[in-house]
Amino acid sequence: MRLSEVAGKVGLTFSGHDIEITGVNTLAAAGPNEIAPLMSKKYLPQLATTRAGAVLSDARLADQIGLACLASANVKLDWARVVTLFAKPQGCLSGVSPQAFIHADAVLEESVTVYPFAFIGARAHISAGSTLYPGVYVGEDCRIGTGCTVYPNAVLMADTVLGDGVTVHAGTVLGADGYGYAQGPTGHVKIPQLGNVVIGNNVEIGANTAIDRAALESTRIGDGTKIDNLVQIAHNVQTGKHCLIISQVGIAGSTTLGNGVVLAGQAGLRDNISLADGVQVAAQSGVGVDLPPGAVAGGSPSMDASTYLKVSMLLPKLPELMRRVRRLEKAAEAIADAGNKEDANG
Amino acid sequence: MRLSEVAGKVGLTFSGHDIEITGVNTLAAAGPNEIAPLMSKKYLPQLATTRAGAVLSDARLADQIGLACLASANVKLDWARVVTLFAKPQGCLSGVSPQAFIHADAVLEESVTVYPFAFIGARAHISAGSTLYPGVYVGEDCRIGTGCTVYPNAVLMADTVLGDGVTVHAGTVLGADGYGYAQGPTGHVKIPQLGNVVIGNNVEIGANTAIDRAALESTRIGDGTKIDNLVQIAHNVQTGKHCLIISQVGIAGSTTLGNGVVLAGQAGLRDNISLADGVQVAAQSGVGVDLPPGAVAGGSPSMDASTYLKVSMLLPKLPELMRRVRRLEKAAEAIADAGNKEDANG
Amino acid sequence: MRLSEVAGKVGLTFSGHDIEITGVNTLAAAGPNEIAPLMSKKYLPQLATTRAGAVLSDARLADQIGLACLASANVKLDWARVVTLFAKPQGCLSGVSPQAFIHADAVLEESVTVYPFAFIGARAHISAGSTLYPGVYVGEDCRIGTGCTVYPNAVLMADTVLGDGVTVHAGTVLGADGYGYAQGPTGHVKIPQLGNVVIGNNVEIGANTAIDRAALESTRIGDGTKIDNLVQIAHNVQTGKHCLIISQVGIAGSTTLGNGVVLAGQAGLRDNISLADGVQVAAQSGVGVDLPPGAVAGGSPSMDASTYLKVSMLLPKLPELMRRVRRLEKAAEAIADAGNKEDANG
């Protein structure tokens, strides 16, 4: 595709030669028919050595590029659009494999792809244009929207609902039983988990993540929310729209997130709390209380992020602080002793 | 089923109209033929608006309900029993699928269900009433007790033993090699892991959890222990009976738990330590030492929980503490200076 | 095998009777035809009660054994070698199952084993002596080296490359999309992930781990690196050779590890940092900065390990420290008051 065509498709202007673009790459690795992004000023020196044929750059830097250039007001966003033009989808089959198991009572709309060894249970409904990879399990009464992709060995237990345009990466389990027990006289008694999982539109869920079904009603993930790998979302959790939940985060039962909440890696949220719209939680933090809109929290247990930053800077100085307090105590004793002597002498 | 029949089955008395009960739900969502639990006093206001036909309530609150009511001395436990009456099991097939792979030397007792694409290896023994979902792998020489459920894509490597009534949720791996290496002259040398995993009766294991086989002998999970999702249990770990191990906990090699130990989410235990009966560990804690019976620990590294609570409250005050110490130091200097001047003047 | 033969194969001398050895075990559990290791002096008392027929021991302790004995200069390493002699491999089938799916354009070299329900995509290349267990997914254009083992339900998304002698345990996902989004006007816009995952020779990867493909170029794991269960390795991460990455560690995008780096359990590394050769990170630590060769770090956020040790010891004393500072402040006030009175009186 010509650079002019790339520019047209993403709505940008270009300068320089209208070369043929065959792919995308980094400044370091790109060849003469590839376009590379200049993500920030600090990469400007790489322009001296790059072999890239074209560059996507902040419009304010465009005159410093010296190469064919697309000028952008938002490089990261426009880069996502350029890359999308050159992305090839995963997979090598289409249509419904005779080596899949499809229950007689399941419904498959048109243009559905089902790979060998996928399993579709009774009354499951797979909407148009969705793809189920090998080893995918779709339990009875599941509903999968249009244009969804469920990668190998992902599991949707019974009654799970996916909206439209949902991506579930390999090995992820949706709708396993929530962790609910009552203490009985001879051990823990299971509280059967009768609810389900409902995933909104355009949600993406990483690999080997687990989202449990609700005890009753539904565990819900809001539209546009993006969940990373190895995340735990317990029963009855509710997330808002457009949240970002990074790898290895754990959210305990019945906790709710507003819209646009960001949880960094390995953070943990206790059960039955509420994080309002726009809350941000730092990596490895432990949140045990409700947080108001826009709060930024860090630490375990969490505190206001600016306090956490100060505390983090001071913690390594705790041994020195201890010594300083000891020194003060000795000084105080010396003063007291001197006072006593004076009294005795006085 | 009539409310009177529900009451009879769980051994409770009922008051009010003997209505037909078709299911269970929350106070907020229940309809006129559903029963809902009143889990604590704080939900009493919901009674004004609930559409539930009946309520399960603490006997001491029963006269405030104003609805058909089951009176309980332990609402959570009796709720577990009521829900069990209305739970429908997962799954839509029974019997042994011709699309499963069953080794000629495997033994299947009566009433076993094996879904398509399950694999049962040589000399594996599946006892009566157990169910293996699609994509389940049962390695050679595994023994599965009666009434077990192994959900989709769970993996039991060779020699794994499940007791009776065990539930393994989707994607969980039992009996992968423990992480054992010796330092050799040209890199890490694998110590082959020859032991196995032995799971007691009535154990439940969540989704995408990993329990490694022992180096030699067995990794053991005691009867009635309940393990959540994404938990890591390393080689040679031994847990007692009725432990609760919450999501994303990690237990390193050869560590032992007594009976009734509770490990909250994302806690980590180092290798070769011992937690006695009834120990409780707070979320995100890191335990590096043996803990005596009934100890309650928190923090990373862990300390006594009551100390941890105080430390947690004081940590955000560390910047202020630092300023206070600086102020004291200045005061001490001023006193010293004054003393010096006095000496000079004296 | 005779003890003399065991000695010969691992290059050690033996003393005592040349008994028949049928297996390996612990000192506590070994029988008269088994060999057990004496891993350190502290286990010497077990020699009084062991039923083991032979012992592998530090050469300096050999004269205290009183049993047939292999004398070693490195017990752990020689034990790895002895155990290897007696290890039986997992699995009960060989050859290519007709119940596997193998794309017409895939290439399988000689002596490859493919179990039922494994899936091999277009143009994938499986080299000699490799084994793919049930439920394994090998995406299009993957290349698997010689003598690799991929355990049940592990997933290699398209373009993944395994070197020679690689082991991937059950449920692990290699090459899922990295977590990359740009903020758009109506939500997060996916940046398609076009790179791949490249695993070096003799790498072992535990169960239910996730290693994401690069955005562009490759996520790389160096030769001889050993990765445990439930580990998260994000897009564009580069690890050196012979690293040890313990369970539940998370490494964020584009971070690089030198050779021989050790990351203990549940540690987290932020994105775009660099840990040089030989760095060691304590369990549950959070590393947010570059670390120089041989650095040992602990804590979240991490600090020098020796500082961290002191801070950890002092943290439980924070309440007491607070009280001591209060006491000093009162003493300072008393002195100030006394001074004021003196001034007033003077």
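Each chain gets a letter, A, B and so on, in the order its sequence line appears, and its residues count up from 1.
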Checking heavy atoms, do the side chain of B/M157, its backbone, both or neither come under 4.5 Å from chain C? both

Select, from C/G298, C/P152, C/G171, C/G224, the one with the greatest count of heavy-atom pairs under 4.5 Å involving chain B. C/P152

Engaged part of B/Q193 at the chain C interface, taking heavy atoms whose separation is under 4.5 Å: neither

Chain C interface, residue from B/G268, B/G180, B/P185 that has the most non-hydrogen pairs under 4.5 Å: B/G268

Structural part of B/S285 lying under 4.5 Å from a heavy atom of chain C: backbone

Residues of residues 101-108 of chain B under 4.5 Å from chain C (heavy atom pairs)? B/F101, B/H103

Under 4.5 Å heavy-atom distance to chain C, tell me which part of B/L315 shows up: side chain, backbone, both or neither. both

Please look at B/Q183 and chain C and tell me whether the side chain, the backbone, both or neither of the residue comes under 4.5 angstrom of a heavy atom of that chain. backbone

C/V24 portion near chain B, given a 4.5 angstrom heavy-atom threshold: both

Under 4.5 Å from any heavy atom of chain C - which part of B/L216: side chain

Between B/P116 and C/F117, is any pair of side-chain heavy atoms under 4.5 Å apart? no

Among C/I246, C/L321, C/N25, which residue has the highest count of heavy-atom pairs closer than 4.5 Å to chain B? C/N25

Chain C shares the most heavy-atom pairs under 4.5 Å, among B/R270, B/Q284, B/R123, B/M303, with B/M303

Segment of B/A214 engaging chain C (4.5 angstrom heavy-atom cut-off): neither

Proximal component of B/Y137, with respect to chain C [non-hydrogen, under 4.5 Å]: side chain

Given a strict heavy-atom distance threshold of 4.5 Å, which part of B/L314 is in contact with chain C: side chain, backbone, both, or neither? both

For residues 324-333 of chain B, give me every residue with a non-hydrogen atom less than 4.5 Å from any non-hydrogen atom of chain C. B/R324, B/V325, B/L328

Calculate, to the nearest 0.5 Å, the distance between atoms OG and CG belonging to C/S247 and B/D212 respectively. 8.0 Å

Given heavy-atom pairs under 4.5 angstrom as the criterion, report whether the side chain, backbone, both or neither of B/V249 touches chain C. backbone

Residue pair C/L93, B/F119: steps toward the side chain to side chain contact (heavy atoms under 4.5 Å, CB included) verdict: CA-CA 12 Å; C/L93 299 181; B/F119 179 99; 3.8 Å; yes

Side-chain contact test, heavy atoms from C-beta onward, threshold under 4.5 Å: evaluate it for B/I191 versus C/W79 and give yes or no. yes

Heavy-atom pairs under 4.5 Å with chain B - which of C/A29, C/G23, C/A80, C/A282 has more of them than the others? C/A80

Picking from B/V189, B/N208, B/T209, B/T307, which has the most non-hydrogen pairs under 4.5 angstrom with chain C? B/N208

Is it the case that over 12 heavy atoms from other parts of the model lie below 6.0 angstrom from the NZ atom of C/K241? no

Pair C/Q90-B/R213, side chain to side chain contact (heavy atoms under 4.5 Å, CB included): steps then yes or no: CA-CA 12 Å; C/Q90 297 261 345; B/R213 66 176 52 234; 2.8 Å; yes

Begin with the C-alpha distance, continue with both residues' side-chain angles, and end with the deciding distance and a verdict on side chain to side chain contact (heavy atoms under 4.5 Å, CB included) for B/L318 and C/L318. CA-CA 9 Å; B/L318 198 54; C/L318 196 54; 4.1 Å; yes

Please report the shortest heavy-atom distance between B/E140 and C/G91, naming the atom on each side. OE2-N, 2.6 Å

Calculate, to the nearest 0.5 Å, the distance between atoms OG1 and NE2 belonging to B/T186 and C/H242 respectively. 6.5 Å

For a side chain to side chain contact (heavy atoms under 4.5 Å, CB included) check, start with the C-alpha distance between B/E217 and C/T26, then their side-chain angles and the critical distance, and finish with the verdict. CA-CA 8 Å; B/E217 308 191 82; C/T26 59; 3.0 Å; yes

Contacting region of B/A100 [heavy-atom separation from chain C under 4.5 Å]: backbone

Heavy-atom pairs under 4.5 Å with chain B are the metric here; pick the option from C/I335, C/T225, C/N153 that has the most. C/N153

Nearest 0.5 angstrom please: B/D177 CG to C/T167 OG1, how far? 8.0 Å

Tell me, side chain or backbone of B/A158 under 4.5 Å from chain C's heavy atoms, or both, or neither? both

Find out whether C/M322 and B/K317 are in side-chain contact, i.e. whether some heavy atom of one side chain is under 4.5 Å from a heavy atom of the other. yes

If you count heavy-atom pairs under 4.5 Å with chain B, which of C/S312, C/A170, C/G206, C/G265 comes out on top? C/A170

Region of B/A267 that comes under 4.5 Å of a non-hydrogen atom in chain C: backbone

Other residues, nucleotides, ligands: >12 heavy atoms within 6.0 Å of B/Y181 OH: yes

Pick from B/G299, B/G286, B/G121: which one has the most heavy-atom pairs with chain C under 4.5 Å? B/G286

Classify the side-chain pair C/E204/B/Y179 by whether it contains a donor and acceptor separated by less than 3.5 Å. no

Could you tell me which of B/A334, B/G135, B/S300 has the largest number of non-hydrogen atom pairs under 4.5 Å with chain C? B/S300

Of all the heavy-atom pairs spanning B/V311 and C/P316, show the shortest one and how long it is. CG2-CA, 4.0 Å

Part of C/N74 lying under 4.5 Å from any heavy atom of chain B: side chain

When the 4.5 angstrom heavy-atom criterion is applied to B/V173 and chain C, the contacting part is both

Using modelled atom types only, decide if a donor and an acceptor are shared between the side chain of B/Q232 and the backbone of C/Q248 within a distance under 3.5 Å. no

